[in-house]
Novice: 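Mind having a look at this structure? Questions to follow.
Remember, it's 1-based here, ligands and their atoms both numbered in the order they're listed. These numbers were taken from a predicted model, which means no experiment stands behind them.
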Amino acid sequence: MHMRAQTPQPTFINTLMPVPAKLTTDQGSFTLSSSFTVAAPHFRDERLDAGIGRMLHRLEYQTGVPITKDIQKDAAGAALVVDVQGAGEAVQSIDEDESYSLHVTSSGVNLQAKTVVGALRGMETLLQLVQTDHAGYILPAVSIEDTPRFHWRGLMIDSGRHFEPVPVIERTLDGMAAVKLNVFHWHLSEDQGFRIESKLYPKLAGMGSDGLYYTQEQAKEVVAYARERGIRVVPEFDMPGHSVSWFVGYPDLASGPGPYTVRRVFGISDEAMDPTRDSTYKFLDGFIGEMSTIFPDPYFHIGGDETKGVQWKGNPRIVEFMQKHDMKDPAALQAYFNQRLLKILQKHHKYMIGWDEVLNPALPKDVIIQSWRGTESLAAGAKQGYQGILSAPYYLDAMKPAEQHYLADPLPADSDLTPQQQTLILGGEVCMWGEQLYERTIDSRIWPRTAAMAERFWSPENVRDVSDMYRRLDVMSVRLEAFGLTHLTQEDVGLRALTGTTDIDAMRVFASVLEPVSFHERYQGQHTSQLTPLDHLVDAVRPDPPSRYQMEVLVQAFLKNPAQDGRERQELANNFASWSKAAPDVQRQVSESPLLADAAGRAQQFADLAKIGSEAVKYLSGGNAAPAGWKQSSLAALDAAQKPQGLVRFTVLAPLHDLVNAVQEK
Ligand code: ACM
């Protein structure tokens, strides 16, 4: 056995995500052992104790080192000192102090924060610092001073179009806390479902949800769970459009006669609440008052998007109202609705937040505009003095690579906003719309890409190295799985279900180079409704799997010097060989499963890509010319593989193009 004469200094491998505002490394490290103890010498409360307890459990789980859960008062002799000044706000606001500092030396760890929320953020960083020195687990000596760049760092989940059970929400909150997100925006009503119990208006969820809704107790449990993790919960009730599910039980709220049923198809509906009747506002006053007892956050999201006014224009009484009040279009009527809604919100001590469409000079400047239309729309709001958060580049259902989301900045360096206007940009929010997912598939759509966006919202603007982001994202992805997030495992579950067997080795290779098409492409290809089973290959595969970026990097490195018999050549050749080996099994399994019928073309193309890749590497490695016509037929095959088919697309076509184009022909 090889013996080491002396233990080498472990080098700090930075896998922190998000990257802290300031980090310096030092010599040495702190070794984790079963004598690890924690002290909280100053402030303590239940939330801090629970946070420390969760952190210690995770530390134990990560390292296998048994650790006492007792929190002592005396800092002397403690391995970790958690030095917190106070509880933080009773109801967390946008301005909550989330800063912390973390110092690791060979003798111990010191975590300081003004608030419990700051301490929670610091403990997540601490857990991400744990690394191995091969003998055991250590914390490298570092000094971190950290504070977020943006105050509003959110994730929206649409529970309206498909219901997401409480455990899904709670594990998502665990993931959010791990990457320091601080707002859970909960989209609770849609044309397709009203998802929370109202005791005042029991027919809302009673008739508008197919029985799939959160009880008030469950919603309170989620709010408490989020608060334990320093996360605000902002509920959204989309009004006056996207509201058919309200009308099933309460048709008088609508602008047309009804009756109504839960809308199964997606897209923009004609129906909308009737803004002309006092009874509408009386209803909403009661409802918002009731919801305020569940959601303590000062902000209340009223949606407001995509109301075209079709039902308004079809109702002579509403048309007459508009004429009488000199409202020239539906937008004017919606502005009137929002002004009346604002008074109700104010009565219940709530600020209004809504999508771009609510922007109207008639509204006060404490309204927040959430921009799904884009950076320009966001900037237009800021120029009028409105606070805003950016969401347009962070739509997960666009199925874009993490790097594209990552590089989109709520406040880009070249922004033309004045410094004063820039302060109005509060941050960003990742959006997970629910048309094409359900509880089994939501995790792989959210994670790990959301971790990259969380870094965009937290870390300094100049943290933009894509290669380094992907390196750390791979680590983060595995950490997230430890919370019970199913973004990795669910692919295998899906492949087993599709093939009806545990023998999925070949299908895994196939799936590793596939990803779902964008929301719009799927919508056109499948005409999904709420009733569409989400059980196809597109549902099993993950957006932006590691293959995409890895192949791109590998091919670029290989093409720099194809004649060299190096690691890149070997890895590429191995990759293509593994595809070739898998292809026949994939084709057989696909042909045997009716559920996979739409993947037959992709399976054939997978075999073609393997052959093209292997041949290209062979020609380039040996400096040999390909036979005449090889390039043309190979490029034609790549073009065919580029065409929409089976609702999935290959992740590796661009680097294959580069390989083929680099080959010389006879
Ligand atoms: C939206 O995407 N309609 C907010």
Novice: Students should find this: residues with any non-hydrogen atom under 4.0 Å from ligand 1. What is the answer?
Specialist: D305, E306, W355, W372, Y395, W433
Novice: Please walk me through it: do Q526 and H536 pass side-chain hydrogen bond (donor to acceptor under 3.5 Å, both in side chains)?
Specialist: CA-CA 11 Å; Q526 201 182 17; H536 277 58; 4.9 Å; no
Novice: Do we get R456 above Y406's six-membered ring, with its NZ or CZ under 6.0 Å from the centre and within 45° of the axis?
Specialist: yes
Novice: Taking the six-membered ring of W152, is NZ or CZ of R232 closer than 6.0 Å to its centre and within 45° of its axis?
Specialist: yes
Novice: Compute both the distance and the angle, then confirm whether R229 meets the cation-pi test with Y225: under 6.0 Å from the six-membered ring centre, within 45 degrees of the axis.
Specialist: yes
Novice: Any sub-3.5 Å donor-acceptor pair from Q530's side-chain atoms to R161's backbone N or O?
Specialist: yes
Novice: Could you report the tightest heavy-atom contact between V91 and P296, atom names first, then the distance?
Specialist: CG1-O, 3.5 Å
